[in-house]
Asks: 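Have a look at this one.
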Number of protein chains: 2
Amino acid sequence: MSKLLKPAIPLPTIKRIPIYVSVLEKWKQEGKDTVSTTDFAEQLSLKPVQVRKDLACAGAEGKPRIGYNTEELLETLHRFVGWNNLSDAVLVGAGALGTAILGYKGFTRFGLNIRAAFDADEQKCNTTIHDKPVYAMDKLKQYVRQNGIMMGILTVSENGAQQAADALVDAGIQGIWNFSPVKIQVPETIFVQREDLAAGLAVLAVRIRERQ
Amino acid sequence: MSKLLKPAIPLPTIKRIPIYVSVLEKWKQEGKDTVSTTDFAEQLSLKPVQVRKDLACAGAEGKPRIGYNTEELLETLHRFVGWNNLSDAVLVGAGALGTAILGYKGFTRFGLNIRAAFDADEQKCNTTIHDKPVYAMDKLKQYVRQNGIMMGILTVSENGAQQAADALVDAGIQGIWNFSPVKIQVPETIFVQREDLAAGLAVLAVRIRERQ
DNA sequence: TAGATTGTTAATCGATTAACAATC
DNA sequence: TAGATTGTTAATCGATTAACAATC
């Protein structure tokens with residue numbers, strides 16, 4: 001129903017916005033104070049129309065003949081993807097992948113602030129990993145509520161994934177970034193973004209083979 | 001031209017295959033020796049037709065009224081995504097993300113065997129990270145040629161990405177799994193799979209906001 | 001003014017879904 | 001045999017691209 005009022009923004013569009021941001025940041029540093037969709041198209045091997053549609057979706061406005069103001073556009077896109085204000089998140093599953101993500105500083109550039117990790121393994125609890133506290137799973141709900149956290153990052157192995165997802169939902173999280181190689185079941189009010197490394201690897205393998 | 005003979009397999013299809021594999025492995029363990037596309041559809045919230053099309057693309061064959069033989073299908077899909085034989089890869093960029101990927105044991109399940117890492121930082125060279133050797137960049141070409149390696153994993157920061165990609169191409173790599181947040185320029189004979197964490201995060205942020 | 005560029009409507013393309021015949 | 005399921009052709013849907021009017 002709300003779909004009739006505001007049609008959901010196409011998924012491919014959302015995914016391209018961060019690429020525009022990255023190019024824009026480069027151009028801003030270089031002192032380019034106006035950019036056109038033709039510029040983007042050349043740089044990224046896209047069609048200018050597509051870029052224009054994408055930017056329009058994000059609420060950007062340009063001037064015919066001139067293009068878009070670099071800083072203004074950057075600001076608009078940053079706001080669109082929520083990178084203007086860091087959003088807090090908790091991470092569940094402090095294994096190899098979880099530890100990596102906790103330590104990856106690049107995320108702050110993307111507006112992500114991982115506040116704490118949670119793990120079922122008692123040995124890991126009440127320690128820190130890359131300066132982030134690790135707590136027991138039974139502390140999750142309270143922590144999420146008290147800190148108003150909306151996003152959960154799921155880096156649990158295949159077996160524990162569903163249980164961990166249930167805990168995140170119960171704690172009141174709104175969206176889950178799921179790195180586990182499993183489709184988790186959640187109420188439809190919760191949004192799940194599956195980050196599927198296996199899928200990427202499969203694409204690579206098939207495409208390389210196709211070229212032989 | 002080869003596209004006329006063998007139309008490229010749709011990207012979404014390739015990406016779904018690993019999910020089928022994961023479900024199939026569970027079912028195999030449970031002793032289910034026959035599976036139908038309806039089973040998959042229920043488990044994964046997909047339409048049965050779509051599953052059938054996907055499986056057909058991967059070369060699987062079923063029997064009307066009965067379905068697919070679990071083990072046979074698993075074998076077919078494994079072969080399709082190349083997980084039957086481990087494919088060797090090198091990693092370039094032994095920073096935070098690179099170190100994480102080197103240490104992530106889950107990849108061997110996906111047929112990936114990272115043989116060695118390469119880094120421009122001399123301090124890191126000739127050490128090991130998670131038991132994998134780290135070499136200087138000028139050793140890359142020789143290593144790739146001698147070991148017949150086809151796949152390169154790029155975990156270099158924004159600035160170094162293009163240069164590292166050039167080195168991989170020069171070394172004779174066929175496909176690049178690019179984790180850097182940059183679109184790299186390569187000859188069209190090289191396939192690049194961009195693993196875009198920023199895109200995933202953007203989708204999550206926008207979708208959570210849409211629901212407010 | 002002339003021409004580059006935006007913004008939008010219409011046409012195309014590719015993937016999903018529906019419909020249905022074939023089959024065990 | 002009857003009915004569940006596969007495999008395939010046709011219809012639909014959504015995203016990309018083309019065409020073009022508006023504008024600085």
Side-chain angles (χ1 to χ4, degrees), chain A residues 3-4 6-17 19-20 23-24 27 32-70 72-74 76-77 80 199 202-203 206-207 210, chain B residues 3-4 6-17 19-20 23-24 27 32-70 72-74 76-77 80 199 202-203 206-207 210:
Chain A
K3 285 199 180 173
L4 293 179
K6 263 197 234 172
I9 291 146
L11 195 75
T13 294
I14 303 178
K15 289 188 170 174
R16 278 188 297 264
I17 302 291
I19 317 180
Y20 300 143
V23 175
L24 266 174
W27 284 337
K32 200 173 188 318
D33 51 39
T34 240
V35 299
S36 77
T37 54
T38 324
D39 296 336
F40 281 111
E42 272 169 22
Q43 188 77 41
L44 300 166
S45 333
L46 300 172
K47 298 277 150 68
V49 217
Q50 188 170 51
V51 178
R52 240 171 284 145
K53 275 244 163 104
D54 288 344
L55 298 184
C57 276
E61 282 172 27
K63 291 208 180 71
R65 169 80 240 248
I66 288 158
Y68 301 77
N69 176 280
T70 307
E72 198 183 302
L73 182 56
L74 191 52
T76 304
L77 298 188
F80 179 76
V203 173
V206 173
R207 294 300 191 216
E210 279 179 347
Chain B
K3 285 198 179 172
L4 293 178
K6 261 197 233 171
I9 292 146
L11 194 76
T13 294
I14 303 179
K15 290 188 170 174
R16 280 188 296 265
I17 302 291
I19 317 180
Y20 300 142
V23 175
L24 265 174
W27 283 338
K32 199 172 190 316
D33 51 38
T34 241
V35 299
S36 77
T37 54
T38 325
D39 296 336
F40 281 110
E42 273 170 20
Q43 188 77 42
L44 301 166
S45 332
L46 300 172
K47 297 279 151 68
V49 216
Q50 186 169 54
V51 179
R52 241 171 283 143
K53 275 245 164 107
D54 288 344
L55 298 184
C57 275
E61 281 172 27
K63 291 210 182 68
R65 171 77 242 249
I66 289 161
Y68 301 77
N69 178 279
T70 307
E72 198 182 301
L73 182 56
L74 191 50
T76 304
L77 299 187
F80 179 76
V203 172
V206 173
R207 293 300 191 217
E210 279 179 346

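All chains are named by letter (A, B, ...) in the order of the sequence lines, taking the proteins before the strands, and each is independently numbered beginning at 1.
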Asks: Might you work through the side chain to side chain donor-acceptor pair (under 3.5 Å) test for A:Thr13 and A:Asp54, ending with a clear yes or no?
Replies: CA-CA 6 Å; A:Thr13 294; A:Asp54 288 344; 2.9 Å; yes
Asks: Measure the distance from CG on B:Asp54 to C1' on C:dG14 and round it to the nearest whole Å.
Replies: 14 Å
Asks: Mapping B:Pro48 and A:Lys47 onto DNA chain D by nearest heavy atom, which one lands closer to the 5' end?
Replies: B:Pro48
Asks: What is the distance, rounded to the nearest whole Å, between atom CD1 of B:Ile9 and atom P of C:dA15?
Replies: 12 Å
Asks: Which nucleotide in the list D:dT16, C:dT17, C:dT8 gets nearest to the side chain of A:Arg52?
Replies: C:dT8
Asks: Would you mind telling me which of C:dT8, C:dC24, C:dT17 lies closest to the side-chain atoms of A:Val49?
Replies: C:dT8
Asks: Which part of the nucleic acid, if any, lies within reach of A:Thr13 when heavy atoms closer than 4.0 Å are counted: base, sugar-phosphate only, or nothing?
Replies: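 Counting heavy atoms under 4.0 Å across all strands, no contact is made by A:Thr13.
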Asks: Does the side chain of A:Leu46 come within less than 4.5 Å of A:Thr37's, by heavy atoms?
Replies: no
Asks: Which nucleotide in the list D:dA15, C:dT16, C:dC24 gets nearest to the side chain of B:Ile66?
Replies: C:dC24
Asks: Using whole Å, what does the distance between atom P of nucleotide C:dG7 and atom CG of A:Leu73 come to?
Replies: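 Distance check: A:Leu73 CG to C:dG7 P gives 10 Å.
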Asks: What does D:dT8 pair with, Watson-Crick or G-U, if both distances are under 3.5 Å?
Replies: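 By the stated definition (distances under 3.5 Å), C:dA19 pairs with D:dT8.
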Asks: Please give the nucleotide sitting opposite C:dC24 as a Watson-Crick or G-U wobble pair, both distances under 3.5 Å, or none.
Replies: D:dG3
Asks: If only side-chain N and O atoms of A:Tyr68 are considered, is one of them under 4.0 Å from the OP1 or OP2 phosphate oxygen of D:dC24?
Replies: no
Asks: Does the base of C:dT6 carry an N or O that pairs as donor and acceptor with the side chain of A:Lys53 under 3.5 Å?
Replies: no
Asks: Taking atom P of C:dA4 as reference, at what distance in whole Å does atom CZ of A:Phe40 sit?
Replies: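 The distance from CZ of A:Phe40 to P of C:dA4 comes to 20 Å, rounded to the nearest Å.
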Asks: Could you tell me if the side chain of A:Arg207 sits less than 4.5 Å from the side chain of B:Ile14, heavy atoms only?
Replies: yes
Asks: When you match A:Gly62 and B:Leu11 each to their closest nucleotide on DNA chain C, which lands nearer the 5' end?
Replies: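 That would be A:Gly62.
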Asks: Taking B:Thr70 for the side chain and B:Lys32 for the main chain, is one N or O donor matched with an acceptor at less than 3.5 Å?
Replies: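 Answer holds: yes.
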Asks: Between B:Lys15 (NZ) and C:dA15 (P), how many Å, whole number?
Replies: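 Roughly 12 Å, once rounded to whole Å.
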Asks: From the options D:dG3, C:dT8, C:dT6, select the nucleotide whose nearest atom is closest to the side chain of B:Arg65.
Replies: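 From the listed options, D:dG3 comes nearest.
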Asks: Let's see if you can work this out: which of D:dT5, C:dT16, C:dT6 has an atom nearest to the side-chain heavy atoms of B:Gln50?
Replies: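 That would be C:dT16.
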Asks: Can a side chain N or O of A:Thr37 be found less than 4.0 Å away from OP1 or OP2 on C:dT6?
Replies: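 True: A:Thr37 side-chain N/O within range (under 4.0 Å) of C:dT6 OP1/OP2.
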Asks: Do the non-hydrogen side-chain atoms of B:Tyr68 and B:Arg52 ever get within less than 4.5 Å of each other?
Replies: yes
Asks: Looking at D:dC24, D:dT5, C:dG7, which one has an atom nearest to any side-chain atom of A:Glu61?
Replies: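 Within the option list, the nearest is C:dG7.
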